[in-house]
Amino acid sequence: MTAHSVLHVFSDACHGFEEAGSLTDEQISALRPAYTDDGAARLVDTDRSLLAALAVDGRAPYPVLAAATGWSESTVARRVHALRAAGLLGFDLDVSAAAFGHHAEVRVWASVPPTHLAETGAAVADHREAAFCAAATGPTNLLISAVCRDNRDLYRYLTECLGALPQIHQIQTAPVIRVVKRAGRRP
């Protein structure tokens, strides 16, 4: 077993799903909740219990959050609203790639000379298949999470897209067989 650290994130977008049929900017805007920000919200120590409960389950209803914080449901609702309005609290949706017709998800570790790491990482971050791209410690210093439609599409990505980048000297790939839990903490 080895352990490495992420040093710099080039991209953590969901590029694999931005194709024909995706939502327009106007549609995305219409789906965003409208919050009024009075400019006074900031994180305080008493928010720790709320944030810890949301890290375990971002879908937790107000009664569960109230029990975790010792606050009333209305206080929890107001605090969540204030933190969201201030841009201090956000929620990410984790959807199975297979639901969008993407059945080949892999982790790719690439070796890039350090002097070319920034430009190569930025180039990979622009690939629609790259859902995540970061510089990391270790001999394979570029970490990529790629999402492709199928193995044929994955082969094309590895050979034509990553293979076209002259500074990538070697890659290692590992298929993602099953995702148990992504970001966040377990209860």
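All heavy atoms count here, side chains included; hydrogens, waters and symmetry mates do not.
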Of the non-hydrogen atoms in Leu88 and Arg42, which two are nearest, and what is the gap between them?
CD1-CA, 3.5 Å
Please examine the side chains of Glu129 and Val147, heavy atoms only from C-beta on, and report whether any two atoms are closer than 4.5 Å.
no
Approximate separation, where rounding is to 0.5 Å, of Tyr155 OH and Glu160 CD:
8.5 Å
CG/Leu54 to CZ/Arg59 distance, rounded to the nearest 0.5 angstrom?
12.0 Å
Could you check if a side-chain atom of Leu142 sits within less than 4.5 angstrom of a side-chain atom of Phe10, using non-hydrogen atoms only?
yes
Shortest non-hydrogen contact between Ser72 and Ala66, atoms and distance:
C-CB, 4.0 Å
Heavy atoms of Gln167 and Glu119 approach each other most closely as CG-OE2, 4.5 Å
Please step through side-chain contact (heavy atoms from CB on, under 4.5 Å) for the pair Val176 and Arg107, ending with a clear verdict.
CA-CA 7 Å; Val176 174; Arg107 298 299 176 263; 3.2 Å; yes
For the atom pair NE2 (His116) and CD1 (Ile168), what is the distance rounded to the nearest 0.5 Å?
12.5 Å
Interatomic distance, Asp47 atom CG to Thr69 atom OG1 [nearest 0.5 angstrom]:
10.0 Å
With heavy-atom distances below 4.5 Å as the criterion, would you say the side chains of Leu65 and Trp71 are in contact?
no
Starting from the C-alpha separation in whole Å, work towards a yes-or-no answer on side-chain contact (heavy atoms from CB on, under 4.5 Å) for Leu43 and Leu83.
CA-CA 8 Å; Leu43 287 174; Leu83 292 173; 3.9 Å; yes
Under 3.5 Å: donor-acceptor pair, side chain of Thr137, backbone of Ser5
yes
Rounded distance [0.5 Å steps], CG in Leu50 versus OG1 in Thr75:
11.0 Å
Where do Cys133 and Gly121 come nearest, in terms of heavy atoms and distance?
SG-O, 3.6 Å
Distance-minimising heavy-atom pair for Ile144 and Tyr157
CG2-OH, 4.2 Å
Ignoring hydrogens, what is the shortest heavy-atom contact between Asn141 and Leu117? Give both atom names and the distance.
O-CD1, 3.7 Å
Give, for atom SG of Cys148 and atom NE2 of His103, the distance between the pair rounded to the nearest 0.5 Å.
12.0 Å
Whether Glu73 and Arg78 form a salt bridge (side-chain N of Lys/Arg under 4.0 Å from carboxylate O of Asp/Glu) is what I want to check.
no
